[in-house]
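All remarks here apply to the structure that follows.
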There are 4 protein chains.
Amino acid sequence: MPKIINNLRSKISGAAYQLFSEKGYSAVSMKIVAEETGIAVGTLYNYYANKEELFIKVIEEKIKNYKKIFDKYLQKEELDLEMFITHLYDEINKSKGVIDEVIKKNINSKEEKIVTRLRSDLLEIVDQILIQFKEKKGLEKEAKAERKRSVYALLMMILILDRRFPGEREKNISYLLKMANLI
Amino acid sequence: MPKIINNLRSKISGAAYQLFSEKGYSAVSMKIVAEETGIAVGTLYNYYANKEELFIKVIEEKIKNYKKIFDKYLQKEELDLEMFITHLYDEINKSKGVIDEVIKKNINSKEEKIVTRLRSDLLEIVDQILIQFKEKKGLEKEAKAERKRSVYALLMMILILDRRFPGEREKNISYLLKMANLI
Amino acid sequence: MPKIINNLRSKISGAAYQLFSEKGYSAVSMKIVAEETGIAVGTLYNYYANKEELFIKVIEEKIKNYKKIFDKYLQKEELDLEMFITHLYDEINKSKGVIDEVIKKNINSKEEKIVTRLRSDLLEIVDQILIQFKEKKGLEKEAKAERKRSVYALLMMILILDRRFPGEREKNISYLLKMANLI
Amino acid sequence: MPKIINNLRSKISGAAYQLFSEKGYSAVSMKIVAEETGIAVGTLYNYYANKEELFIKVIEEKIKNYKKIFDKYLQKEELDLEMFITHLYDEINKSKGVIDEVIKKNINSKEEKIVTRLRSDLLEIVDQILIQFKEKKGLEKEAKAERKRSVYALLMMILILDRRFPGEREKNISYLLKMANLI
DNA sequence: AATGAATGAGGCTTCATTCAT
DNA sequence: AATGAATGAAGCCTCATTCAT
């Protein structure tokens, strides 16, 4: 007895994202994704060709979401760095586990390319925001390549600190601010 | 047809370490560890009771090794921070990816405890070295808890930068030095 | 390429029962159960959580079946002992070897409990029937505990004689009748 | 470093017998037999070609042993049936688990033959003793074929009763006496 | 379009057996 | 003659994927 479900694609994506975030790629089964979504396993395959694609698409969506969220900082006259870092911290930590996979090497070459592109997208967003901040403050900017490294470090550190010191959000953010100022 | 093999334990450990580093715990099969070591699957189980123990022991060995290497810095009169960070960078990057797993949460509680202890050991070493450096320079020190975070961040960043920007050792180290000075 | 199969649970149960009967628990592999049923190994696990459960359920079903078959003797006015023993002999020997395992000790405690209960059920049925027979004949009855031993001996002997002297049904039954009269 | 051990063959046999008796064929590993004997696994194979042969030889020895033990009853002027049954009961129950395997069907045809012969040997011994008893008492004897069945039943019942009602040795023996008198 | 039973490759682990020492 | 490390087939079980309904 088929269930009529609207926006099934986004429901699957949501459930999958939650699960991948908590457990990582290997530890999530298609069965549990289906259960969490409230559909049958077979139905998943009407929306995503296979587990790998599901995973990629979930990340893709997340990154797009980041873009949307953070683009508004580019429009602002004044940038409050602390507010921005705090926002970044909170958003990224909703997606913890997904990113674990993104920083891993063992994805096969096909998905590697996609993941790499997605990662660049995210970095680009943050870089632009920080650059704009420096410009407005009249501060000296590092060279593009150096900034890339710094921004990447900043994002990774958000993940790492929250994971290791999960109860210390404020202190983590305070450390991240110092890192941001290195850029 | 059995063949006697020398230093098999360390050969297994080496292969396993490489594989866990590249692919993470779940994506490494006992079969591939055996193949990479050049032995039969069953032989693995003469040395390690199961996959979990293999993983734990591999990390344990790595950390012990770090201790041995870095303890000598504690004896020195003068500490060259750059030299130390460079050394740290190179040593840790021989061990890259094992630590992926160490930063994960979803290891079961038994191994979690061991991993946590091992991590503390390593952090303690580096913390002591950096503290001693500040003392000799007469610089102000952060509180213990803050230092812990900073040192942890430093170590993680070594891994992360080398993985992401593998050809840029000098620039990575230069960034890490800036991070070390935040401590 | 999946194919839908009817009554699969009972097909598996039948095949498993045959195999456990002939070879005993350890000597039966899930692979051979699957082959004999004409399905894939994985399919077994859609019906039974694991090998142990499969075994228990197979016995459970068999005993339930006995109950159904022999309960009718309790309703009868007149009991022909020979007819009853003959019927018992034939029914039990459709199920021969599963009971091998039931008489073993080294089943783990969890299944032991279930097996013990099932055994009691069957013994109780036969005991009641024999008691009723004696009552109607006005014969002296043994004490409950002694009867329990005798009935158990009778049932086991059915299995054993048929296995050892399979072509001598009538003579086996004749011997069993003598045993029944000891009760 | 080789150990010089006398009567190693009989030591192995003893250990194996104990283990097979307690756990049955499948549940005993060659490693544990070696450990229990206090030798290396490889050494086992200097004495027995494989696990199957070890098992067969252990039974063979046991049966020979029974022969030796019970032959003395054939020499006696007077046979105390109760004493004989009691002795039989106690001896057989030292070997419980080994006999489990003997009554199983799933041994392959090669060993089946040997096991069958060994079983006949044991039955023959007991049969002769019981016959002699009847002769001395001037009692009527059953035909050879019927006696064979009865003796077999008697032996099996020893195993079964002790297993099912282990704390009730005297009552078990008392029931067995009744069975012996059916012969 | 949804379902979920069936599939079977592949993962972890055990253990009888071999053979260099 | 004894040793025990090495071997690899085989066992139990999981899970991504397929397809008849």
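Chain A is the first sequence line, chain B the second, and so forth, proteins listed ahead of strands; every chain is numbered from 1.
Pairing of E:dG10, defined by two Watson-Crick or G-U wobble distances under 3.5 Å, is identified with F:dC13. In this entry F:dA20 has E:dT3 as its Watson-Crick or G-U wobble partner, both defining distances falling under 3.5 Å.
Side chain of C:N50 to main chain of C:E53: a donor-acceptor pair is present (N/O by atom type, distance under 3.5 Å, no hydrogens or angles). Judged by distance alone, the side chain of A:K51 and the main-chain N or O of A:V28 form a donor-acceptor pair under 3.5 Å. Counting only distance, with no hydrogens or angles, the side chain of D:T37 and the backbone of D:V33 share a donor-acceptor pair below 3.5 Å.
The CZ atom of A:F55 sits 18 Å away from the P atom of F:dC15 (whole-angstrom rounding). What separates CD of C:E35 from C1' of E:dA6 is a distance of 16 Å, to the nearest Å. The separation between B:Y45 atom OH and F:dA10 atom C1' is 14 Å, rounded to whole Å. A:L44 has its CG atom 13 Å from the P atom of F:dT18, to the nearest Å. Atoms CE (A:M30) and C1' (F:dC15) sit 10 Å apart, rounded to a whole Å. A straight line from NZ of D:K31 to P of F:dT3 spans 15 Å, rounded to a whole angstrom. Summarising the geometry, the separation between CG on C:N46 and P on F:dT18 is reported as 17 Å, rounded to the nearest angstrom. Between the C1' atom of F:dA6 and the OH atom of B:Y47 lies a distance of 8 Å, rounded to the nearest Å.
B:L8 comes within 4.0 angstrom of the backbone, heavy atoms only, and of no base. Contacts of C:V28 with the nucleic acid, taken as non-hydrogen atoms under 4.0 Å apart, involve only primed sugar atoms and P, OP1 or OP2.
By the 30° and 60° cut-offs, the orientation of the rings of C:Y25 relative to C:F55 is perpendicular.
The nearest heavy atom of DNA chain E to A:A40 and to B:A49 marks one nucleotide each, and the one closer to the 5' end goes with A:A40. For the pair D:S29 and B:K51, nearest-nucleotide mapping onto DNA chain E gives the more 5' position to B:K51.
Both tests hold for D:K62 against D:Y17: distance to the six-membered ring centre under 6.0 Å, angle to the ring axis within 45°.
At the phosphate of E:dT7, OP1 or OP2 sits under 4.0 Å from a side-chain N or O atom of C:T43.
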